[in-house]
Amino acid sequence: MNKSLFALAMGTFALGIAEFLMMGILGDIASTMDISISRAGYFISAYALGVCVGAPALLFARRLPLKTIMLILAAIIAIGNLAAAISPGYYTFFISRFISGLPHGAYFGVGAIVARRLASKGHEVSAVSYMIAGMTVATLIGVPLGTLITNTVTWRVAFLIVGATGIATIIAIKAWVPDVAGIEDNGFKGQFRFLRTLPPWLIFGGVIFGQVGIYCWYSYIDPQLTLVAGFSQSSLSWLMVLAGFGMFAGNIIAGKLSDRYKTSWIAAWVQASAIPVLLLFFFLAPFKIAAVILMMLGTAALFGSGSPLQSSIVGYSRGGELLGGACIQIAYNAGNAIAAWVGGSVIARGYGYTAPSIVGIPIVFVGCILLFILYARYERSPRP
């Protein structure tokens, strides 16, 4: 089981670098391509849109063995990032980012199902959190390393490494992931039946609003730390290590707590914790120590709801697990795409680089309310 989860985590590691590296090198990409930072932010949206397009394709792969699906997705990870590494201009890089995003939601959706089936009873959420941990380790090690490589060599080498990691993931999955039982085929229409119930929509809504609210701040962490807090561009490599540590800690702690308490309860409070963080960041961003501490708390909240909700949606989408697992990643990355646009629009209108944190507060609040409704109506018990 440990090797199997490690193999799955290798894929989320590659996806984590592919997604989050852009935040640490946004200024370098903008400078290289001679575009504004707000326009470079569209590369973040391109990846997120790729997720939204790629995830529903799982419906057409529902009869394939889960291991085969994982191998195909790992291959697309490699192809998309290798293409990004050799892209000659703005539009080819945009398209490469879109391709890189195609396997993201599907990989997490299928990976969550596989991880739950490999786990012992009562430890399903922890197993999902270990699979997702690959992404948090990417933010802890891979993204800072990619940022350092970008600052010392070029961003092309960083994406080349991500592509190579995708190839390594193919090898690891083939060697270490067993052939687990496939998903029961309820037909094309049967995959959608779970959407007739309210809980999945509360989860999707909680994800989208929570992600938009927090991510519109984090999408522009590069200029916030350099132009507002006063850190040098070269400092971003170790700052991204600290941001990654926050993500790693938030994911693991929330996963462990969710094995004991209701997933919606944990996810709701994790998102609620982001509200004071965003408020304090707006006022304290110019102070280096405060900015770093708040960044770590904010990234912990950003990732803390991931494993509880990713695991929860599998339980609420019986008969359509592939679609459910894919849809939650669509929700996350639709939130990311909207967030990058919201944050970029606020900055472009001259409200300053810290303004997205204030804009995000009421949006996060809506997400919290939806998750608390899920808990109160469907999961409440004497112990939360």
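Hydrogens, waters and symmetry mates are skipped; everything else that's a heavy atom, side chains included, is used. Because the structure is predicted, anything quoted here is derived from the model rather than measured.
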Could you check whether the rings of Phe159 and Phe93 sit parallel, tilted or perpendicular, using 30° and 60° as the cut-offs? perpendicular
Using the rule that Ile, Leu, Val, Met, Phe, Trp and Tyr join whenever any side-chain heavy atoms are under 4.5 Å apart, tell me whether [X] and [Y] fall into a single cluster.
{"X": "Leu297", "Y": "Ile363", "value": "yes"}
{"X": "Leu242", "Y": "Ile293", "value": "yes"}
{"X": "Ile289", "Y": "Val277", "value": "yes"}
{"X": "Trp269", "Y": "Ile253", "value": "yes"}
{"X": "Ile214", "Y": "Ile330", "value": "no"}

Spacing of [X] atom [atom1] and [Y] atom [atom2] [to the nearest 0.5 Å]:
{"X": "Leu49", "Y": "Ile44", "atom1": "CG", "atom2": "CD1", "result": "12.0 Å"}
{"X": "Ile99", "Y": "Leu82", "atom1": "CD1", "atom2": "CG", "result": "11.0 Å"}
{"X": "Leu202", "Y": "Glu379", "atom1": "CG", "atom2": "CD", "result": "10.0 Å"}
{"X": "Ile171", "Y": "Trp176", "atom1": "CD1", "atom2": "CH2", "result": "10.0 Å"}
{"X": "Arg156", "Y": "Ile149", "atom1": "CZ", "atom2": "CD1", "result": "15.0 Å"}
{"X": "Leu118", "Y": "Ser4", "atom1": "CG", "atom2": "OG", "result": "5.0 Å"}

May I ask you to decide if [Y]'s main-chain N or O and [X]'s side chain share a donor-acceptor pair within less than 3.5 Å?
{"X": "Ser312", "Y": "Leu309", "result": "no"}
{"X": "Lys174", "Y": "Leu71", "result": "no"}
{"X": "Thr299", "Y": "Met296", "result": "yes"}
{"X": "Ser87", "Y": "Ala83", "result": "yes"}
{"X": "Glu321", "Y": "Val314", "result": "no"}
{"X": "Tyr107", "Y": "Leu8", "result": "yes"}
{"X": "Ser307", "Y": "Ser129", "result": "no"}
{"X": "Ser100", "Y": "Gly80", "result": "yes"}
{"X": "Thr68", "Y": "Leu64", "result": "no"}
{"X": "Thr92", "Y": "Gly89", "result": "yes"}

Which residues satisfy the ring-ring contact (aromatic ring centres under 6.0 Å, His included) test with [X], sequence neighbours excluded?
{"X": "Phe94", "result": "none"}
{"X": "Phe192", "result": "Phe188"}
{"X": "Phe282", "result": "none"}

Test item: [X] and [Y] side chains (from C-beta on) under 4.5 Å apart, heavy atoms:
{"X": "Tyr47", "Y": "His104", "value": "yes"}
{"X": "Tyr332", "Y": "Ser305", "value": "yes"}
{"X": "Phe248", "Y": "Ile252", "value": "yes"}
{"X": "Phe204", "Y": "Phe209", "value": "no"}
{"X": "Leu140", "Y": "Thr136", "value": "no"}
{"X": "Gln233", "Y": "Asp28", "value": "yes"}
{"X": "Ile275", "Y": "Leu278", "value": "no"}
{"X": "Leu225", "Y": "Met295", "value": "yes"}

State, to 0.1 Å, how close [X] and [Y] come at their nearest heavy-atom pair, and which atoms those are.
{"X": "Ser311", "Y": "Val125", "value": "OG-CG2, 3.5 Å"}
{"X": "Thr354", "Y": "Phe281", "value": "CG2-CE2, 4.5 Å"}
{"X": "Gly325", "Y": "Ile328", "value": "O-CG2, 3.2 Å"}
{"X": "Pro144", "Y": "Ala138", "value": "CD-O, 3.9 Å"}
{"X": "Ala340", "Y": "Ser45", "value": "CB-OG, 3.7 Å"}
{"X": "Tyr90", "Y": "Met33", "value": "CA-SD, 3.9 Å"}

Counting only heavy atoms not in [X], do more than 12 fall under 6.0 Å of its [atom1]?
{"X": "Tyr378", "atom1": "OH", "answer": "yes"}
{"X": "Lys288", "atom1": "NZ", "answer": "yes"}
{"X": "Trp155", "atom1": "CH2", "answer": "yes"}

Step by step, work out the side-chain contact (heavy atoms from CB on, under 4.5 Å) result for Ile338 and Tyr215. CA-CA 9 Å; Ile338 296 169; Tyr215 211 80; over 6 Å; no
When the aromatic ring centroids of Phe6 and Tyr130 are compared, is their separation below 6.0 Å? no
Report the C-alpha distance between Tyr261 and Tyr375 in whole Å, list the side-chain angles of each, state the deciding distance to 0.1 Å, and finish with yes or no for ring-ring contact (aromatic ring centres under 6.0 Å, His included). CA-CA 11 Å; Tyr261 303 103; Tyr375 166 72; over 10 Å; no
Whether Arg97 engages the ring of Tyr42 as a cation-pi pair (distance to the six-membered ring centre under 6.0 angstrom, angle to the ring normal within 45°) should be assessed. no
Under the side-chain contact (heavy atoms from CB on, under 4.5 Å) rule, what do Ile77 and Thr169 come out as? Steps first, then yes or no, please. CA-CA 9 Å; Ile77 293 172; Thr169 301; 5.7 Å; no
Check against side-chain contact (heavy atoms from CB on, under 4.5 Å), Phe13 and Met135: CA-CA 4 Å; Phe13 177 78; Met135 173 170 276; over 6 Å; no
Using side chain to side chain contact (heavy atoms under 4.5 Å, CB included) as the criterion, point out the one residue from Ile37, Leu236, Ile29, Thr147 that pairs with Asp222. Leu236
Could you go through the side-chain contact (heavy atoms from CB on, under 4.5 Å) check for Ile266 and Val270 one step at a time? CA-CA 6 Å; Ile266 298 300; Val270 165; 4.2 Å; yes
